[in-house]
Amino acid sequence: MSIYAIADLHLSFTPGKEKPMDIFGPRWHDHAGRLKEHWCREIKEEDTVIVAGDISWALKLEEAKFDLDWVDDLPGHKVFLKGNHDLWWNGITRLNRMYDSITFLQNDCYFAEGIYICGSRGWITPDNEEYVADEDEKIYKREMLRLEASLQQAEADMKRRSAAQGSGKDWDLSPEKVEKPEILGVLHYPPVSKPAAFSGFQQLFEDHGVKRVIYGHIHGEEGFQNTIMGDYRGIRYQLVSLDYLNCKPLLIKE
């Protein structure tokens, strides 16, 4: 049972609403077909796949359902986080009733293979030249609150599991029991706009002992060269946008 991750599927299977991605460069040529090929070759039904936002170009849920059904048919359990283009995302309770193979994550965490998956959409950070305090600060702070809520849910569950293991009850001694769970941070936006800067998202990750963060949203060669990647202040940052990964989900844990 393994964990994989990818972001920015940018699907558009809604009849009459197709949006070819080839115009954005050769990395996007037949991206859905190539993604499905890699996905079905590598990922098994018992695996978990994190999809870090920008899943569908649809504006309404009834339109997005064509894309969600397509992902639902792929192997594995999928954990979705919202992206800036996921305008169809509305009503987390309703979304989580739609599919057995998909968990829509918001203000919560998901536990798999000894890893707590925690995150939020994120937002552009104050170091970004396009950041407008009057417009962006409210969203930036709200997304930090959502990230913090997700991290707190993981810590609360970790304490519950730890206490339960000590009690010796049969239901506590499940295959999910681990000695030291890891918290994986997931955002759609990068955690900071300039690698040399520092954001509230990064501070939250540090405060909660996160050692690894994945994110999407960044596209194109110039973007790849100017985003935060690698180790910084004890945290490993990884970009998982579909074009960066050449349509192949990244193995997070075997």
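Note: hydrogens, waters and symmetry copies are ignored here, and every other heavy atom, side chains too, is used.
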### Single-linkage hydrophobic cluster Met98~Leu105, side-chain heavy atoms < 4.5 angstrom
yes
### Message
Closer than 3.5 angstrom, by distance alone: can the side chain of Ser241 be matched with the main-chain N or O of Ile218 as a donor-acceptor pair?
### Response
yes
#### Entry: Min side-chain heavy-atom separation Val79-Phe104 under 4.5 Å
no
### Query
Closest heavy-atom contact between Val210 and Gly185?
CG1-N, 3.8 Å
### Query
Looking at Trp89 and Ile92, what are the two nearest heavy atoms and their distance?
CZ2-CD1, 3.9 Å
### Message
I'd like to know whether the aromatic ring centres of Tyr110 and His77 sit less than 6.0 Å apart in this structure.
### Response
yes
### Task
Indicate, with yes or no, if Tyr131 and Leu145 share a hydrophobic cluster defined by side-chain heavy-atom contacts under 4.5 Å among Ile, Leu, Val, Met, Phe, Trp and Tyr.
no
### Message
Distance check, rounded to the nearest 0.5 Å: Leu204 atom CG versus Gln152 atom CD?
### Response
9.0 Å
### Task
Without swapping roles, check the side chain of Glu143 against the backbone of Gly122 for a donor-acceptor pair under 3.5 Å.
yes
### Query
For Tyr237, is the NZ or CZ atom of Arg212 found under 6.0 angstrom from the centre of its six-membered ring and inside 45 degrees of the ring axis?
no
### Query
Is a salt bridge present between Glu221 and Arg27, judged by a nitrogen-to-oxygen distance below 4.0 Å?
yes
#### Entry: Sidechain N-carboxylate O distance under 4.0 Å for Arg160, Asp157
yes
### Message
Please determine whether a side-chain nitrogen of the Lys or Arg among Lys194 and Glu129 lies less than 4.0 Å from a carboxylate oxygen of the Asp or Glu.
### Response
yes
### Query
NZ of Lys36 to CG of Leu9: how many Å apart, nearest 0.5 Å?
13.5 Å
### Task
Step through it carefully: locate the ring centre of His10, locate the ring centre of His85, and say whether they are under 6.0 Å apart.
yes
### Query
Per the side-chain contact (heavy atoms from CB on, under 4.5 Å) rule, which among Asn84, Asp86, Ile55 passes with His188?
Asn84
### Query
Is it true that atom CD of Glu130 has more than 12 heavy atoms of other residues, nucleotides or ligands lying nearer than 6.0 Å?
no
### Query
Take atom CG in Asp207; do more than 12 heavy atoms of anything else shown fall under 6.0 Å from it?
yes
### Task
Report yes if the side chains of Glu206 and Ile235 come closer than 4.5 Å at any heavy-atom pair, otherwise no.
yes
#### Entry: Sub-4.5 Å side-chain heavy-atom contact between Ser150 and Gln153
no
### Query
What's the shortest heavy-atom distance between Ile183 and Ala154, and which atoms?
CD1-CB, 4.4 Å
### Message
Is there a side-chain contact between Leu35 and Pro249 in this structure, where contact means two heavy atoms from C-beta onward sitting under 4.5 Å apart?
### Response
yes
### Query
With distance as the sole criterion, is a donor-acceptor pair present between the side chains of His217 and Asp8 under 3.5 Å?
no
### Query
Quick check: does any side chain N or O of Ser12 sit under 3.5 Å from a backbone N or O of Lys19, one acting as donor and the other as acceptor?
yes
### Interatomic distance, Ser120 atom OG to Arg142 atom CZ [nearest 0.5 angstrom]
9.5 Å
### Query
Under 4.5 Å between any side-chain heavy atoms of Asp72 and Leu68, yes or no?
no
### Side chains of Ile228 and Gln202 in contact at under 4.5 Å (non-hydrogen atoms)
yes
### Task
Count the heavy atoms of every other residue, nucleotide or ligand shown that sit under 6.0 Å from CE of Met1, and state whether that count exceeds 12.
no
### Task
Could you give me the CA-CA distance, side-chain angles and deciding distance for Met229 and Gln238, then say whether side-chain contact (heavy atoms from CB on, under 4.5 Å) is met?
CA-CA 5 Å; Met229 284 197 277; Gln238 292 178 279; over 6 Å; no
### Query
For Trp57 and Glu63, does a side-chain donor sit closer than 3.5 Å to a side-chain acceptor?
no
### Validation row: Ile50, Tyr4 side chains within 4.5 angstrom (heavy atoms)
no
### Task
List the atom of Ala64, the atom of Thr14, and the distance in Å for their closest heavy-atom pair.
N-OG1, 4.4 Å
### Message
Working note: Tyr99 + Lys65, criterion side-chain contact (heavy atoms from CB on, under 4.5 Å); need CA distance, chi angles, decisive distance, verdict.
### Response
CA-CA 11 Å; Tyr99 301 95; Lys65 195 172 184 303; 3.5 Å; yes
### Message
Distance check, rounded to the nearest 0.5 Å: Leu242 atom CG versus Cys247 atom SG?
### Response
4.0 Å
### Task
Report yes or no: do Trp88 and Asn90 form a side-chain donor-acceptor pair below 3.5 Å?
no
### Message
Hydrophobic clustering (ILVMFWY, side-chain heavy atoms < 4.5 Å, transitive) - are Ile139 and Leu81 grouped together?
### Response
yes
### Side-chain heavy-atom pair Leu61, Leu95 within 4.5 angstrom cut-off
yes
### Message
Could you check whether Glu182 pairs with Lys211 (Lys NZ or Arg NE/NH1/NH2 to Asp/Glu carboxylate O, under 4.0 Å)?
### Response
no
### Message
What I want to find out is whether Glu155 reaches Lys159 closely enough, with some N-O distance under 4.0 Å, to be called a salt bridge.
### Response
no
### Task
Fit a plane to each ring of Phe198 and Tyr232, take the angle between them on a 0 to 90° scale, and name the class: parallel (under 30°), tilted (30 to 60°) or perpendicular (over 60°).
tilted
### Query
Distance-only, no hydrogens or angles: does the Asp47 side chain make a donor-acceptor pair with backbone N or O of Lys44 under 3.5 Å?
yes
### Query
Do side-chain atoms of Asp243 reach the backbone of Trp28 as a donor and acceptor pair under 3.5 angstrom?
no
### Query
Nearest heavy-atom pair of Ser2 and Leu251: which atoms, and what distance?
CB-CD1, 3.8 Å
### Message
Between Ile3 and Glu254, is the side-chain contact (heavy atoms from CB on, under 4.5 Å) condition met? List the steps.
### Response
CA-CA 7 Å; Ile3 299 178; Glu254 287 190 279; over 6 Å; no
### Message
Would you say that more than 12 heavy atoms from the other residues, nucleotides or ligands in this model lie under 6.0 Å from the CZ of Arg41, or not?
### Response
yes
### Message
Less than 3.5 Å apart, any donor N or O on the side chain of Lys78 or Ser101 sitting next to an acceptor on the other?
### Response
yes
### Task
Would you please test Phe201 and Tyr140 for ring pair (Phe, Tyr, Trp, His ring centres under 6.0 Å) and show each step?
CA-CA 9 Å; Phe201 297 116; Tyr140 172 63; 5.4 Å; yes
### Query
Closest approach of Ala52 and Val186, non-hydrogen atoms and distance?
CB-CG1, 3.8 Å
### Query
Measuring from Glu45:CD to Leu74:CG, what's the distance to the nearest 0.5 Å?
9.5 Å
### Electrostatic pair Arg34:Asp30 at N-O distance under 4.0 angstrom
no
### Task
List the steps and the verdict of side-chain contact (heavy atoms from CB on, under 4.5 Å) for Ile6 and Leu250.
CA-CA 6 Å; Ile6 195 165; Leu250 176 69; over 6 Å; no
### Message
I need the Glu113 CD to Ile252 CD1 distance, nearest 0.5 Å.
### Response
13.0 Å
